Amino acid sequence: MSFRAITGNRLRDGAVVFYNDEAGWVERLTGASLYEDKATAETKLASAKAEAEKERLAVDIYLFEVLVEDGKRVPVTIRERIRSLGPTVRTDLGKQAAA
Amino acid sequence: MTATAFRADPGIPGPGTFGSEPDDHAGIYRYDDLDRRFVAERVEQFSKQVTRRLAGELTEDEFKPLRLMNGLYLQLHAYMLRIAVPYGVLTTTQFRKLSEIGRKYDKGYGHFTTRQNLQFNWIKLEDTPAILGELAEVDMHALQTSGNCVRNVTTDQFVGASADEIVDGRVYAEILRQWTIAHPEFTYLPRKFKIAIMGSDSDRAAIRTHDVGVIAKRNEAGETGFTFYVGGGLGRSPFVGKLVREWVPEQDFAAYLEAILRVYNQYGRRDNIYKARIKILVHQLGIDKFKAEVEEEFARLPRPKFTLAPEIVEGIRARFASPGLERLPAESAEFERSKAENVEFARWSTVNLAAHKAPGYAIVSVSLKPAGGIPGDITSEQMDTLADLADRYSFGEIRVTHAQNLVLAHVRKDDLFDLWRQLDAIGLATANIGLIGDIIACPGLDYCALANARSIPLAQAISARFADPARQQAIGELGIKISGCINACGHHHVGHIGILGVDKRGEERYQITIGGDATLTTAIGDIIGPAVTEEAAVDAIDTMVEIYLANRTEGERFLDTIRRIGHGPFKESIYAAD
């Protein structure tokens, strides 16, 4: 099943972060809020952007698509898969290293 | 200001007087207090900008152009800091500082780029002021590595050492660094502007792929002058640089460049980023009209202000300390004996050494392309050891090449075997310079926010396929260049075999070109067919190599064979089943 999630980079260190409606910006895709319909996602994106700029938390914020297969979240594009894990050529680095 | 200063703006510090305290490093331009103050002021300025951004006094839209002017990009996983290596030359003190920054603020490695710069991929914004402060301690910075300014001027990695050198391009690259670094007219150009300089008949700097390419030469009277090419460039719309003037006397070197940049500033498009480079202007105006505009502007420039006086050139030349080369016999019995006894060393010597201007010395290229490795990457540990080796064997100096390798420029032939053994011990003795394993590749989708496909895994797969050094040597000169998007940071257009990563409905695919050439016989490669998978791209290269080997005549390079027999046999061999 396909969902939308919000991502960005943390202002202070550039780390990839995901938006959670309750917890705010989290480091793992597993903690991101998922939105089924486009309108809700767009509304959440606008508020996340405004909040992030005001609180100086994250930059370069946008929506991306996520598939949930057997309970596992997988970004649709290669780009977002790499962002959520780390470089494929250095699996000792990025989020995948601590997984 | 002293006689050796050459700045566009009197408010900008010049290099001042020649330093009185010699150091151990040859070939490095020595900063003085004014240069250092200028860099320190920029660090202080950016530190305050970072503080204001983190405090919310600057929005991201306001801050982004400021960080870019200091070489700080936001990439996929973190900020990326691009550090300038003016004309690719570093002292070992600077090299060790880069190693230290990699260890302290990054993940223990750095990545050398096709612009002779170094990138760190895991930088934190909040650490950037401290990093720039540490760089300033060793006369380094990240200026002119981003933004619509004149970027870091590149040159021949063998400059000042090569047997075929006619003019030392470092001197003129440094003059351009001083002339352009804070030039008020060049700070907001329509788009970025890249200049390369060569001082020999061999093009090791891809002259005609730059916005301006300069060849320094001498006339029959022994005077120095310059041939200017303009409007070269890769990216979305590749163009080969066109000859704009065959001979510009030394005294008019800066004036002529000023005239080119003024014409560009006046007529270059600012409404469309894809049409803003000077190559588009030259193409649209036509070279004759462009040339006429430049000549008119050149004639109008007040000569006293723009004249490059001989004493300025000599003053800057003097600030590049000459290495204390010894008088040595041309041949080294030790070197010859070691080659005879060790086949791997002999192969490395054949492939990775170049002729030095001084008898008894050689230029050593250190490959950063191990089979299956990441092109251009080097760990902090390797950097530390390489700095020690450069101190011991090459006057404390290291160069960066546009092909993402390193160079020790002045090594005694007697020392080559010892050096090779120690390079081998840290994985830096790969014998593949200019061969099929010496692949240029951009960071691609593994790191870059602009990329459409990954470049590095394909480079790794190709170099692993052709790992056998004997096979590589038998194939001979063959340059593969890979870009992960149409911006062409991996120079794929001018690869003998070029590969462009594309996104085909969410899948990575690779478009292959052949026949590109980055030297003075510059050519843009031709696409040979539809894009293929990574695995198929590796197989296709293997197939093309076999076609070449089956068709080549005595002494013929891959590129020569392509030019002689055409692209047909290569294309047919790959797409025969379609």
Side-chain angles (χ1 to χ4, degrees), chain A residues 2 4-18 25-29 45-46 48-67 69 74-99, chain B residues 50 52-61 63-64 67 72-81 105-109 111 121-128 372-375 377 441 443-461 484 501 503 505-508:
Chain A
S2 178
R4 289 173 179 81
I6 297 170
T7 186
N9 291 79
R10 197 157 51 206
L11 173 65
R12 284 185 171 278
D13 60 7
V16 175
V17 285
F18 304 94
W25 294 98
V26 297
E27 293 196 8
R28 298 278 168 182
L29 177 56
L45 175 66
K49 276 184 174 177
E51 181 190 323
E53 184 59 44
K54 189 179 167 200
E55 301 297 327
R56 306 173 310 276
L57 295 171
V59 294
D60 203 15
I61 300 161
Y62 57 91
L63 289 169
F64 69 104
E65 281 188 79
V66 181
L67 290 176
E69 296 167 340
V74 182
V76 170
T77 66
I78 299 165
R79 183 184 198 273
E80 293 309 325
R81 288 203 288 275
I82 291 172
R83 281 184 82 248
S84 69
L85 293 172
T88 63
V89 293
R90 288 292 304 264
T91 52
D92 57 325
L93 301 177
K95 297 178 190 306
Q96 62 200 346
Chain B
V50 170
R52 290 169 65 202
R53 173 66 187 119
L54 293 174
E57 294 168 19
L58 291 173
T59 66
E60 186 61 15
D61 286 347
F63 180 67
K64 186 176 175 181
R67 69 166 160 76
L72 192 65
Y73 291 73
L74 184 58
Q75 295 285 32
L76 289 192
H77 312 291
Y79 292 95
M80 178 272 279
L81 183 64
Y105 298 106
D106 204 88
K107 306 277 190 190
Y109 71 104
H111 175 77
N121 289 308
W122 301 90
I123 294 299
K124 297 175 180 171
L125 173 63
E126 56 197 0
D127 287 340
T128 312
I374 298 175
D377 273 15
L445 193 53
D446 277 297
Y447 292 99
C448 179
L450 299 175
N452 292 321
R454 290 172 292 167
S455 304
I456 298 169
L458 179 55
Q460 290 176 303
D503 179 336
R505 292 181 292 279
E507 301 291 332
E508 293 169 299

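In this text, all values refer to a predicted model and were calculated from it rather than measured experimentally. Proteins come first, then strands; the chains are lettered A, B, ... in the order of their sequence lines, and each starts at number 1.
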(message) At a 4.5 Å cut-off on heavy atoms, which part of A/T88 comes close to chain B: side chain, backbone, both, or neither?
(response) both
(request) Kindly compute the distance separating CG (A/L85) from CZ (A/R28), expressed to the nearest 0.5 Å. (result) 8.5 Å
(message) Looking only at heavy atoms and a cut-off of under 4.5 Å, which of B/E60, B/H77, B/E507, B/K64 has the most pairs with chain A?
(response) B/H77
(request) Answer yes or no: is there a side-chain heavy-atom contact under 4.5 Å between A/I6 and A/W25? (result) yes
(message) Less than 4.5 Å apart, side chain to side chain, heavy atoms only: is that true for B/H111 and B/P375?
(response) no
(request) Please assess A/V16 against A/N9 for the test side chain to side chain contact (heavy atoms under 4.5 Å, CB included), listing each intermediate value before the final yes or no. (result) CA-CA 5 Å; A/V16 175; A/N9 291 79; 4.0 Å; yes
(request) Please round to the nearest 0.5 Å and tell me the distance separating atom CG of A/L63 and atom CD of A/E80. (result) 10.5 Å
(message) Give me the atom names and distance for the closest heavy-atom approach of B/A449 to B/L76.
(response) CA-CD2, 3.8 Å
(message) Report which part of B/R454 has an atom under 4.5 Å of a heavy atom belonging to chain A: side chain, backbone, both, or neither.
(response) side chain
(message) Under 4.5 Å from any heavy atom of chain A, what part of B/Y447 do you find: side chain, backbone, both or neither?
(response) side chain
(request) Answer with side chain, backbone, both or neither: which region of B/Y109 has an atom nearer than 4.5 Å to a non-hydrogen atom of chain A? (result) side chain
(request) Could I get the full list of side chain to side chain donor-acceptor pair (under 3.5 Å) partners for A/S84, not counting sequence neighbours? (result) none
(message) Only pairs of heavy atoms separated by less than 4.5 Å count here; which of A/D92, A/V76, A/T77, A/I82 has the most with chain B?
(response) A/I82
(request) Pick one of side chain, backbone, both or neither for B/L445, based on which atoms fall under 4.5 Å of a heavy atom in chain A. (result) both
(request) Name the member of B/A451, B/A55, B/G444, B/P443 that forms the most heavy-atom pairs with chain A at distances under 4.5 Å. (result) B/A55
(request) Run the numbers on B/Y79 and B/T128 for side chain to side chain contact (heavy atoms under 4.5 Å, CB included), then give the verdict. (result) CA-CA 9 Å; B/Y79 292 95; B/T128 312; 5.9 Å; no
(request) Under 4.5 Å, counting heavy-atom pairs only, tell me which of A/R12, A/R90, A/R83 racks up the most with chain B. (result) A/R12
(request) Measure distances from B/L54 to the heavy atoms of chain A and classify the residue's part below 4.5 Å as side chain, backbone, both or neither. (result) both
(request) Report the distance from atom CG of B/N452 to atom CD1 of A/I78, rounding to the nearest 0.5 Å. (result) 10.0 Å
(request) Could you check if a side-chain atom of B/F63 sits within less than 4.5 angstrom of a side-chain atom of B/L125, using non-hydrogen atoms only? (result) yes
(message) Quick check: under 4.5 Å, non-hydrogen atoms only, which of residues 48-58 of chain A neighbour chain B?
(response) A/E53, A/R56
(message) Is A/R10 close to chain B through its backbone or its side chain, or both, or neither, when contacts mean heavy atoms under 4.5 Å?
(response) backbone
(message) Given heavy-atom pairs under 4.5 angstrom as the criterion, report whether the side chain, backbone, both or neither of B/E508 touches chain A.
(response) both
(message) When you compare the side chain of B/I374 with that of B/Q460, does any pair of heavy atoms fall below 4.5 Å?
(response) yes
(message) The test is side chain to side chain contact (heavy atoms under 4.5 Å, CB included); show your working for B/N121 and B/M80 and say whether it passes.
(response) CA-CA 5 Å; B/N121 289 308; B/M80 178 272 279; 3.8 Å; yes
